[in-house]
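All residue numbers refer to positions in the sequence shown, counting from 1. Any value given below was found using the heavy atoms of this structure, including those in side chains, with hydrogens, waters and symmetry copies removed. For clarity, every value in this text was computed on a predicted model and none was experimentally measured.
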Amino acid sequence: MGISEMIAVLIGCVFVNNYVLAHFVGFESIGADSSKDAKYNGKVSLLLTLVLIIATTITFPLEKWVIGTNFAWSRNLVYVLIISLTVFIVEKLIMKRISGCLKYESINVVINSIVLGTLLFNQSYSYGWLTSYFAVIGTGIGYFLVAMIVSGLRKRIDMKAVPESFRGVPIYLATLSILSLAIYAFA
């Protein structure tokens, strides 16, 4: 795969094939709290991208080994263990060096389904190792973009008079669905 195809994968993961909007993975951490600002979303996106890069480095050769053995049924369990280990490594080795504790953000990344979803989508799309890195970086940028848009939309929605039965999760799901249709128009 050439560099132009890899850049197309990167741009696709940011806009057209955004995993949050196209596949609704990772929405649980975006829709959880309305008090998130740009700094918080940036920290979570950076931590998410670091975890995805390390997890991709670990899982790519492991996937080739798992396919050739009888352990293919346990791939998801292996991925979850690798994700947990990767978050632990990133938190202990890298993030302690950076000022400001990211304890809550690391918990958010562990329970975030976009990490597992990205690893599984990269494998199902048969991306090569380098192409998987482009997809991972695009996923991190796309997650940040959606988190910022949803944060801005939350502030606007909270200022409006919304009917009682439509407040909270229903209005945010409807808004995110409309946003995903708008992003899907890029395709």
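At least one side-chain heavy atom of P61 sits under 4.5 Å from a side-chain heavy atom of W129. Here the side chains of M6 and L130 are in contact, with some heavy-atom distance below 4.5 Å. Between L116 and V25 there is no side-chain heavy-atom pair separated by less than 4.5 Å.
Between F121 and Y125, the angle of the ring planes stays under 30°, which puts this pair in the parallel group of the 30/60° scheme.
Here the CD1 atom belonging to I7 is positioned 11.0 Å from the OG1 atom belonging to T131, to the nearest 0.5 angstrom. Distance CG/L48 to OG1/T139: 8.0 Å, rounded to 0.5 Å. Atom-to-atom distance recorded for N122:CG and L52:CG is 8.5 Å, nearest 0.5 angstrom. Taken to the nearest 0.5 Å, the OH atom of Y19 stands 8.5 Å off from the CD1 atom of I114. With rounding to the nearest 0.5 angstrom, the OG1 atom of T118 is 10.5 Å from the OH atom of Y127. Between L50 atom CG and T86 atom OG1 the span is 11.0 Å, to the nearest 0.5 Å.
Residues L173 and L153 fall within the same hydrophobic cluster, defined by Ile, Leu, Val, Met, Phe, Trp and Tyr side chains chained together at heavy-atom separations under 4.5 Å. Residues M159 and V162 do not share a hydrophobic cluster, clusters being chains of Ile/Leu/Val/Met/Phe/Trp/Tyr side chains in contact below 4.5 Å. One hydrophobic cluster, built from ILVMFWY side chains closer than 4.5 Å, holds both I141 and I3. F60 and I54 fall within a single hydrophobic cluster, where Ile, Leu, Val, Met, Phe, Trp and Tyr side chains are chained together by heavy-atom contacts under 4.5 Å. Note on I82: it clusters hydrophobically with I53, by side-chain heavy-atom contacts below 4.5 Å among ILVMFWY residues.
A donor-acceptor pair is defined here as one N or O able to donate and one able to accept, closer than 3.5 Å; no such pair exists between the side chain of S151 and the backbone of A147.
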Item to complete: Let me see the working for N17 and H23 under side chain to side chain contact (heavy atoms under 4.5 Å, CB included), right down to the final yes or no.
Response: CA-CA 8 Å; N17 196 18; H23 303 289; 3.2 Å; yes

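Residue pairs meeting the side-chain hydrogen bond (donor to acceptor under 3.5 Å, both in side chains) criterion with at least one member in residues 160-171, sequence neighbours excluded, are E164-R167.
With sequence neighbours left out, the side-chain contact (heavy atoms from CB on, under 4.5 Å) criterion links N18 to V20, L21, V146. Qualifying side-chain contact (heavy atoms from CB on, under 4.5 Å) partners for S45, counting only residues two or more places apart in sequence or in other chains: Y143, F144.
Here the closest heavy-atom approach between residue T49 and residue G140 is recorded as OG1-CA, 3.3 Å.
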